J.: 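Attaching a single structure in structure tokens format; questions to follow.
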2 protein chains.
Amino acid sequence: MTIAKRKARPGIKGSEAPAELTRDHILKSAAKLFRDQGYVATTLRQIADAAGIQAGSVYYHFRSKDEILTEILDTGIDEVRKSVVSRLDALPADATPRQKIAAGIEGHLLGLLQHGDFTSASIRTYGQLPAHLKRSSQLRRKDYSAFWDSLLSEAAEHGGLRTGVDLHIARLVILGAVNWTVEWYDPKQGSVQKVSRQIASLISDGVFLTHEG
Amino acid sequence: MTIAKRKARPGIKGSEAPAELTRDHILKSAAKLFRDQGYVATTLRQIADAAGIQAGSVYYHFRSKDEILTEILDTGIDEVRKSVVSRLDALPADATPRQKIAAGIEGHLLGLLQHGDFTSASIRTYGQLPAHLKRSSQLRRKDYSAFWDSLLSEAAEHGGLRTGVDLHIARLVILGAVNWTVEWYDPKQGSVQKVSRQIASLISDGVFLTHEG
DNA sequence: ACGTTTATCTAACTATCATTCGGTAGAATG
DNA sequence: CATTCTACCGAATGATAGTTAGATAAACGT
């Protein structure tokens, strides 16, 4: 065995935390792997490799593999939410429901496809997680769903929604269409903005020209 | 250890196969588990338990865990396709594009949510599978996508599609919205038919009453 | 200068995984 | 009745998983 120690570089006085860098690196690497392979399929050794450290060293920063996941799940949802809220805030005060929903879709999509290692990992893995791992982010998810529900019911109140549209199902369909982009989106197919506008347009007006036929 | 042998009941002359029952039971149990937990998270012991046999006995019917999966993936896609085709065939010859797309959505959804252990397992696990496992069903998936593309471009030719609608993205959005139902659909929320009509309506006409605003 | 803290490595531990294999009860076959 | 085949069991195997623990080198406070 050749001795090949990595340099240990503890905290620089009153500056930024030292190990936080490694910690973030671990999280980011893990998020990527979780998104591509799923939670169980990803090993701590893969995560450690991607972060440039040894498997055992991960436990200096996290208590368990589960803890890495739950942190990713939580910040994943927070990131989408922040992205959506910032898009909505950028809208003028007299924005139409149509504009608001379009902005919501664009925000969700940007959070998902651009910043999105944490977000896409969160969305992709959640469904197949054991109950005790789902529990941690359940509340955040409910809140986010409620947020969209209010966006839609506001649109319904201010008129303009087609009759017979089930708001609850509409929300699930919108988020479904948007979430599914993690399965197919590829920058080669066009910018996130373009895809976002297409989806918003489809959701708002559908594929057909008139409402008959 | 108490001796508790299961009865062995080999083939009845020229009748139905004997072990086929067990084989099917294994596949069905595995599909359910794959859908809920993912491929890697599901152990052969869980599959064997659900099928009422011992883990080692699975290898009498399948060469490997991979083989179970690929068979599930393949029949999963075949089932959706069959379901979609049968819905479309039930349509009158002079059906409108709108009716055809609605029928396609309904077919896909029925295949997904009713027969659907194989189908939903296929859709849910595929994205996070290692490349060599994806390969087996890649062709089937491409064919199915092409099927929807032709459905949409046919609608475009016969007129009636809104200008500016990207057919490729439209297909991905439609299938995304529909596929995502496996994450949320619950019979308590209403029949598959009702959900199907809602989705078809949203895709066809969108949520808004008019195309302005 | 000296002991402490920080961040890591290396090596081990236990559990569990997919898979293999010899054995076997009972039906089928001759 | 003897043999073969079928469909399974039960125990073992080797690989790998998450996790733990002791050692260590660099940077720190005093």
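Because the structure is a prediction, the values reported are computed rather than measured. The sequence lines fix the lettering, A, B, ..., with proteins before strands; numbering per chain opens at 1.
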J.: Answer yes or no: is there an ion pair linking A:Arg197 with B:Asp166, defined by an N-O contact shorter than 4.0 Å?
T.: no
J.: Whether A:His61 contacts C:dT8 is assessed here as follows: a side-chain N or O lying under 4.0 Å from the phosphate OP1 or OP2. Is that the case?
T.: yes
J.: Drop me the distance from B:Thr22's OG1 to B:Ile53's CD1, to the nearest 0.5 angstrom.
T.: 6.5 Å
J.: Between C:dA18, C:dC9, D:dT19, which nucleotide gets closest to the side-chain atoms of A:Gln54?
T.: C:dC9
J.: Toward the 5' end of DNA chain C, which comes first, B:Ser64 or A:Ala55, by nearest nucleotide?
T.: A:Ala55
J.: So if I take every side-chain heavy atom of B:Thr22 and compare against D:dC8, C:dA12, C:dT19, which nucleotide ends up nearest?
T.: D:dC8
J.: Under the ring pair (Phe, Tyr, Trp, His ring centres under 6.0 Å) rule, what pairs show up with a residue in residues 49-73 of chain A, not counting sequence neighbours?
T.: none
J.: How would you label the contact of A:Ser57 with the nucleic acid (heavy atoms, under 4.0 Å): base, sugar-phosphate, or nothing?
T.: base
J.: Among the nucleotides C:dT8, D:dT19, C:dC17, which one has an atom lying closest to any side-chain atom of A:Ile53?
T.: C:dT8
J.: If I take atom CZ in residue A:Phe62 and atom C1' in nucleotide C:dA7, what distance separates them, rounded to the nearest angstrom?
T.: 14 Å
J.: Once you measure the plane-to-plane angle for A:Tyr144 and A:Phe147, does it fall in the parallel (<30°), tilted (30-60°) or perpendicular (>60°) bin?
T.: parallel
J.: What's the closest nucleotide to the side chain of B:Tyr59 if the choices are D:dC9, C:dA12, C:dT19?
T.: C:dT19
J.: Side-chain N or O of A:Tyr60 versus OP1/OP2 of C:dT8: is the shortest distance under 4.0 Å?
T.: no
